There are 2 protein chains.
Amino acid sequence: MSPYDPTAYPPFAVTVDLVVLTVRSHALCALAVRRGEAPHEDRWALPGGFVRTEENLAQAAARELAEETGLRAQQGAGASPAGTSAPYGGTSGAHLEQLATYGDPGRDPRMRVVSVAHLVLAPDLPTPRAGGDARGARWAPVGELLDARNPEPLAFDHGRILADGVERARSKIEYSSLATAFCPPEFTVGELRRVYEAVWGVALDPRNFHRKVTGTPGFLVPAGGTTTRQGGRPAQLFRAGGATLLNPPMLRPEV
Amino acid sequence: MSPYDPTAYPPFAVTVDLVVLTVRSHALCALAVRRGEAPHEDRWALPGGFVRTEENLAQAAARELAEETGLRAQQGAGASPAGTSAPYGGTSGAHLEQLATYGDPGRDPRMRVVSVAHLVLAPDLPTPRAGGDARGARWAPVGELLDARNPEPLAFDHGRILADGVERARSKIEYSSLATAFCPPEFTVGELRRVYEAVWGVALDPRNFHRKVTGTPGFLVPAGGTTTRQGGRPAQLFRAGGATLLNPPMLRPEV
DNA sequence: GATCTTAGTCGTCTGCCTGACGATAAACGC
DNA sequence: GCGTTTATCGTCAGGCAGACGACTAAGATC
């Protein structure tokens, strides 16, 4: 077979962009970096970078994630649309799954760039160092980043990508146990509830929530201790169980 | 701003591949084409092709779809992961949404190719003509294409892509009204039920199904006639209503 | 040390939805 | 007419979620 004629197809650059979500102080936050180079120099954007020749898409996303946050990724089913979380028992890894691909001709003024966005769900982390070509990095509440009146909207089409990632996270914690990816290895029912409340932006009944999560087989396993770090009566500590799919799902209240 | 230095990133080719699903004679079928050129010449594959410079990903998918089937696509929310169907009132267009992106380094022996797979749901169509560089085209039951004992498995990683697309379709008709995309503009409750049965590969209770779909506001609107094309008592004809999300969802029986 | 505040946990009740049917209706072929 | 096929309406029991009462156990405050 002869080598493929490179004039027969248009050349593209392929990047990965990351929507890294976490919950801190009762708000859903995303990782944003301040760009250190053109285009959109000095504007906030999602972390990301070019895919290298020898790596696949998930590896590129994991590499960028490690470079920006030091997080090891627990990959879901890779490119699989219904990316299920790999079984794990409370390591400090974050959940990583492919989100969607964005390739409009004008989205990057330099050249034709196709970006494969990935979604990362991580427990609360310290403020990241600015890595690589970024001038700064911060956790920003998604409501603020997506606010149409924000004087510093995200660069490129990253606002759209972030919105898609947030919507994916919101719907996915309904029918999977992925909300535990926002929690430390051991957590209480109340902490898990505050994750749902922050991601959905609603208040949930503590009693019904407790009944639901403790009554779903395989969702939570007791870790054997208690904590009072939230104040009030000591709460039992749990670890994420092996179950990945919630059936019946956790219902998101209407409006 | 100076033009971007093309030596600073590795060049990729970007393609779209299509998982085109339909229901014919009670079986979920996918469109397969016989390749007319290397690599994998004469093997069955999913339809697809290179993305052109001036078009976005959804446009490329719609163009390939038209070239292979003559179908006009009703695009969902494009790259949006929760691609919702555009509102429409019974045209002959098919549903199109982005599925996932596949970019392992060795997936195409010619060069580094990143493929943005799209999912198309279409009503029953005549056997397509072989378009472009294909030697042939056919509707094949997905169970047959994905059977590990099939002596003619799909080329490249198209088996994996097809499996992901089928799983997406199976889960999506649970909580959306997308099953109507498999039906002609006017259809009966029984025809819709046979779509669910073919996609899920299960038998559903006609009485409970009827109660569910007619009781969900906005799912179906009466078209004002009846038909006996399925034999038996005449059935009311319906059109797809405006609702896209089914809440509560249609439950897929276990096992 | 009594009391207040904050959370966590266990129960109860009611309404909605689903699954498993029975029964009836309206066409067709013989 | 009679059996067959498909559509459509009803009934009933069980499961689950929302609303909410009651009790428990820690730290904070007076």
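Being a predicted model, the structure only gives us computed values, none of them experimental. Proteins come first, then strands; the chains are lettered A, B, ... in the order of their sequence lines, and each starts at number 1.
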Starting at atom CD of A/Glu191, determine the distance to atom P of C/dT6, rounded to an integer number of angstrom. 18 Å
Can you tell me which nucleotide in D/dT6, C/dC21, D/dC20 comes closest to the side chain of B/Asp205? C/dC21
In whole angstroms, the gap separating C1' of D/dT4 from CD of B/Gln230 amounts to 15 Å
Is any side-chain N of the basic residue among B/Asp164 and B/Arg168 closer than 4.0 Å to the acidic one's carboxylate O? no
Between CZ of B/Phe187 and C1' of D/dT6 the distance, given in whole Å, is 17 Å
Look at the side chain of B/Arg233 against the base of D/dA7 and say whether a donor-acceptor pair falls under 3.5 Å; ignore hydrogens and angles. yes
Would you say A/His210 reaches C/dT9's phosphate, i.e. side-chain N/O to OP1/OP2 under 4.0 Å? yes
Quick one: A/Phe209 CZ to D/dG18 P, roughly how many Å, whole number? 12 Å
Calculate the interatomic distance between B/Tyr196 atom OH and C/dG19 atom P; express it in whole Å. 13 Å
Using a 3.5 Å distance criterion without hydrogens, assess whether the side chain of B/Glu97 forms a donor-acceptor pair with backbone atoms of B/His118. no
Assign each of B/Pro234 and B/Pro249 the nucleotide of DNA chain C bearing its closest heavy atom; nearer the 5' end lies the nucleotide of B/Pro249
Which nucleotide in the set C/dC17, C/dG8, D/dA17 lies at the smallest distance from any side-chain heavy atom of B/Pro248? C/dC17
Below 3.5 Å, does any donor atom in the side chain of B/Arg211 face an acceptor in the base of D/dG10, or the other way round? no
Separation of atom CG in B/Leu192 from atom P in D/dA7, rounded to whole Å: 11 Å
So does A/Arg138 pair up with A/Glu144, basic N to acidic O under 4.0 Å? yes
In whole angstrom, what separates A/Leu204's CG from D/dC20's C1'? 16 Å
Residue B/Asn208, side-chain heavy atoms: nucleotide from C/dT9, C/dC21, C/dC13 that is nearest: C/dC21
Is the backbone N or O of A/His210 less than 3.5 Å from a side-chain atom of A/Arg193, with the two atoms forming a donor-acceptor pair by type? no
Heavy atoms only, 4.0 Å cut-off, all strands: where does B/Arg229 land among base, sugar-phosphate and nothing? nothing
Rounded to whole Å, the NZ-C1' distance (A/Lys212 to D/dA19) equals 17 Å
Sidechain N-carboxylate O distance under 4.0 Å for A/Arg252, A/Glu167: yes
C/dG22 base to B/Arg207 side chain: any donor-acceptor pair below 3.5 Å? yes
